[in-house]
Number of protein chains: 2
Amino acid sequence: MPVSIQDVADRANVSISTVSRVLNRRNIVNQETRKRVESAISDLGYSPNVFARGLMLRKSHILGLVLPDLHGEFYSEVIRGANLRARELGYNLMISSIVAKDDGSELMAAVGDHGLVDGLAVMISEVNARTRATLEKIKIPLVVLDGDVDGVKHDSVVIDQRTGVVALLRHLIEDCQARRIVFVGGLETNIDTIERLDAYREVTADAGIEVTASDVHHLDYQYDTAFELGVKKVREWARRRAAVFAANDEMAAGIIDAALAAGLSTPDDLPVVGFDDTRVATMTRPRLTTVRVPMSSMGAAAIDLLCQRIENPKRPAVKLSLETELVVRESCGAPSAITS
Amino acid sequence: MPVSIQDVADRANVSISTVSRVLNRRNIVNQETRKRVESAISDLGYSPNVFARGLMLRKSHILGLVLPDLHGEFYSEVIRGANLRARELGYNLMISSIVAKDDGSELMAAVGDHGLVDGLAVMISEVNARTRATLEKIKIPLVVLDGDVDGVKHDSVVIDQRTGVVALLRHLIEDCQARRIVFVGGLETNIDTIERLDAYREVTADAGIEVTASDVHHLDYQYDTAFELGVKKVREWARRRAAVFAANDEMAAGIIDAALAAGLSTPDDLPVVGFDDTRVATMTRPRLTTVRVPMSSMGAAAIDLLCQRIENPKRPAVKLSLETELVVRESCGAPSAITS
DNA sequence: TACTCCACTGAAAGCGCTGTCACCATTAAA
DNA sequence: TTTAATGGTGACAGCGCTTTCAGTGGAGTA
């Protein structure tokens, strides 16, 4: 059933070598011969066998993308960006998900098909010794997304969260007169939470804002848990004239709703800001002041880096940092909120 | 660098045939020999070359998933479901996106890599002659998602939207006393819109509710356009004591906000219901009464069907219909809204 | 003893492709 | 006229694997 290069060769009265040459646009093939071969190809609807080709060239034109879970807008946007760019560059995309708190075994399994993919983009939300060890075993072009794993030489795409947090909190402090800021983050081991918390501590310290242990909360990035926390805390926070910096929009939404449930209003009684600028950021009332994270660009950048390395394996490792953007809406209580 | 079957054979002092037999668990290999081979394999960290294997077996263990665009929760959930199930069944997933209103050329391109994938799950939101023709050309196991393409013999996974719409509108009519229902859908050519509109006409007819041409609107499934339409129409709708059935949650949210902007409230002045039960359904105030669509199950089911057909190509085509579920919240104005 | 049978193993033939090499006309250069 | 260069082509050796077929040696049977 499948038509092979031999069939094409027979129909065009040439050898398979010539067909191969036409296919690969190399060496010189006579105009007429090429025409004959080309029409034979289209007549037969021939397309080269991927495996035979891969066997010879040791290239599959498949890129792997490994993500922790596949929930939510963040991941789907990364996939979208990666997919589009991969297509542009003539690659296919293979997706695998691993659980967020992976001990390395899932990562290993997902990565198992070395030799199938020409390169691998891996996003790890928690870096530990196991994942590190697994990454080191990977011998094909590798890009680490949203996390720089020390001790492993590889390309990486990170988001410049620090700048985003700084802009966001400065806005809260300078434009919204916040004198106290509560931090609501994800798990303490989460890579994004760590970065955002660091930046938070830095900005507050700079501004002379006191941060006590009870000002820092570690949840799980979900609306519900943030809501629960909020139910217990919003009155106290409001009393202390604090603003809330949630490390993602979902949690910010949970806090806003908890405040509302407690009879408080945002931003008057309790300013709240989020992070990521996902769909929920414009669904809350008031809408969220947040930081836009270039999610799909991240996917695209990863693919770019991967392809560059495939073409030039010797190139020194690159760390690409993507800009974020402060998006001011109403939840922060800024006097002149910019509509966006 | 890459270790081949020959290396393993050398190290275990056997022929490559024996190694292959150990690998494929077939024929009988002596216990001791097998042990030797197995330890050679793990010593060398050998794993068979995917291409050589594919070349022989004509199987890649890769499944393709082609989706229209990759925006939004719907698609990411489908991917998630498909990915998980594929993993369970020992397959890899390759993703491609095509534009929603594809003329068939993108689909063809996405599908071009026949021979790479063992099977293909395709979701088409608009069926036309071109896409139909393209689908007919596909000679590998094929599952069509969310749309039955007549004239093409294939497996399909559909959502029983009709039942969902019936339950939703009956609820609106019987429990919420709606005497008039406005339909806001996607493009007229959109496959989901067509089904939902059909069911809408049926239910309204059954209930003796009059539907004029101006009661049916075709937008694009986006919040913004629904909001714009709402701005122009909500007063009129409210005056006529109509309820709004939006064909997805995003548009329902847009209408609710338009009503609010016009000084009207949902559900008192204008009941609104949505469809899909995505994240936004619980972000609106009031929260949306809507129909839950099993998005990730859809992806999983597609993979199931694909694998079944790969195992048994002769099996007659199957059409799998997935159940939806009415989710009653507050936007419909039901007297006793069930919290969900 | 001679034969068959059986458990096990190796040699070798491809799978469909790419790439090297040799070859054959021509034509240009010596 | 001989030699070399050049455009164009085919033969063929793999790539790493699976699978068929043909042993091989020892146990069982006549």
Side-chain angles (χ1 to χ4, degrees), chain A residues 1-41 44-62 90 112-118 139-140, chain B residues 1-41 44-62 90 112-118 139-140:
Chain A
M1 174 72 250
V3 25
S4 83
I5 196 173
Q6 184 66 61
D7 301 326
V8 177
D10 290 349
R11 182 176 245 261
N13 275 314
V14 293
S15 72
I16 59 166
S17 316
T18 301
V19 178
S20 175
R21 274 188 283 260
V22 170
L23 249 28
N24 297 289
R25 326 217 159 285
R26 54 194 309 146
N27 295 28
I28 318 102
V29 177
N30 183 288
Q31 270 303 333
E32 264 181 52
T33 321
R34 149 164 279 136
K35 283 262 167 61
R36 273 214 318 284
V37 172
E38 277 166 352
S39 63
I41 288 177
L44 265 36
Y46 166 78
S47 88
N49 180 299
V50 189
F51 299 109
R53 207 168 220 178
L55 190 52
M56 281 300 299
L57 304 182
R58 314 191 148 275
K59 295 255 293 164
S60 63
H61 279 262
I62 301 177
D113 335 82
H114 278 26
L116 207 192
V117 296
D118 293 342
K139 305 231 167 52
I140 56 174
Chain B
M1 176 71 248
V3 26
S4 83
I5 196 173
Q6 185 65 60
D7 301 326
V8 177
D10 290 349
R11 182 176 243 261
N13 274 314
V14 293
S15 71
I16 59 168
S17 318
T18 303
V19 178
S20 174
R21 274 188 282 261
V22 170
L23 248 29
N24 297 289
R25 324 220 158 286
R26 55 196 307 145
N27 296 27
I28 318 102
V29 176
N30 183 287
Q31 271 302 334
E32 265 182 50
T33 320
R34 148 164 279 135
K35 284 263 168 58
R36 275 214 318 283
V37 172
E38 277 167 351
S39 63
I41 287 177
L44 264 36
Y46 166 76
S47 85
N49 181 298
V50 191
F51 299 111
R53 206 168 222 178
L55 190 52
M56 281 302 296
L57 304 181
R58 309 185 155 281
K59 294 254 292 160
S60 63
H61 279 262
I62 302 176
D113 334 84
H114 278 26
L116 207 192
V117 297
D118 292 343
K139 304 229 169 49
I140 57 174

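The chains referred to below are lettered A, B, ... by the order of the sequence lines, with proteins before strands, and numbering in each begins at 1. This structure is a prediction, so every number in the text was calculated from the model and none was measured.
Side chains of A/H61 and A/K59 form a contact here, defined as non-hydrogen atoms less than 4.5 Å apart. Using a 4.5 Å heavy-atom threshold, the side chains of A/V50 and A/R53 count as separate. The side-chain heavy atoms of B/N24 and B/S20, taken from C-beta on, include a pair separated by under 4.5 Å. In this structure the side chain of B/I62 reaches within 4.5 angstrom of the side chain of A/L116, judged on heavy atoms. At least one side-chain heavy atom of B/Y46 sits under 4.5 Å from a side-chain heavy atom of B/L23.
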- Under the side chain to side chain contact (heavy atoms under 4.5 Å, CB included) rule, what do A/R58 and B/N49 come out as? Steps first, then yes or no, please. CA-CA 10 Å; A/R58 314 191 148 275; B/N49 181 298; 4.2 Å; yes

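Between A/S20 and C/dC17 there is no side-chain N or O to OP1 or OP2 distance below 4.0 Å. Side-chain N/O atoms of B/S15 include one lying less than 4.0 angstrom from OP1 or OP2 on C/dG10. OP1 and OP2 of C/dG19 both lie 4.0 Å or more from every side-chain N or O belonging to A/N24.
Counting only heavy atoms from C-beta on, B/R53 has its side chain closest to D/dT18 among D/dG10, D/dG16, D/dT18. The side chain of B/S17 lies closest to C/dG10 when the candidates are C/dC17, C/dT18, C/dG10. For A/N49, taking side-chain heavy atoms from C-beta onward, the closest of the listed nucleotides C/dG16, C/dT18, D/dT18 is C/dG16. Considering only the side chain of A/L55, C/dG16 comes nearest among C/dG16, C/dC8, C/dC17. Closest to the side chain of A/N30, out of D/dT9, D/dC17, D/dT19, is D/dT9. Listed candidates were D/dT9, C/dG14, D/dT19. Nearest to the side chain of B/M56 is C/dG14. When each of C/dT9, D/dG10, D/dC12 is scored by its nearest atom to the side-chain atoms of B/T33, the top-ranked nucleotide is C/dT9.
When rounded to the nearest whole Å, the span between CG of B/L23 and P of D/dC17 equals 8 Å. Distance CD (A/Q6) to P (C/dC17): 10 Å, rounded to an integer number of Å. Between the CG atom of B/L116 and the P atom of C/dC15 there is a distance of 20 Å, rounded to whole Å. Between the CG atom of B/L57 and the P atom of C/dG14 there is a distance of 17 Å, rounded to whole Å. Rounded to whole Å, atom P of D/dC12 lies 17 Å from atom CD1 of A/I5. Separating the NZ atom of A/K59 from the P atom of C/dG19 is a distance of 13 Å, rounded to the nearest angstrom. Atom CZ of A/R58 and atom P of C/dC17 are 17 Å apart (whole Å). Whole-Å rounding puts the B/R21 CZ to C/dC8 C1' distance at 8 Å.
Backbone-only engagement by A/T18 is indicated by non-hydrogen atom pairs under 4.0 Å involving sugar-phosphate atoms exclusively. Across all strands, A/S4 comes closer than 4.0 Å only to sugar-phosphate atoms, never to a base (heavy-atom distances).
Each of B/T18, B/V19, B/I41 was checked for a side-chain contact (heavy atoms from CB on, under 4.5 Å) with B/I5, and the lone residue meeting it is B/V19.
No hydrogens or angles were tested; on distance alone, nothing pairs the side chain of A/R34 with the base of D/dG8 as donor and acceptor under 3.5 Å.
End-to-end axis angle of the helix from C/dT1-D/dA30 to C/dA30-D/dT1, using five pairs per end and rounding to 10°, comes to 60°.
In B/K35, the NZ atom is not crowded: 12 or fewer heavy atoms of neighbouring residues, nucleotides or ligands sit closer than 6.0 Å.
When the nearest nucleotides of DNA chain C are assigned to A/Y46 and B/N13 by heavy-atom distance, the more 5′-ward of the two goes with B/N13.
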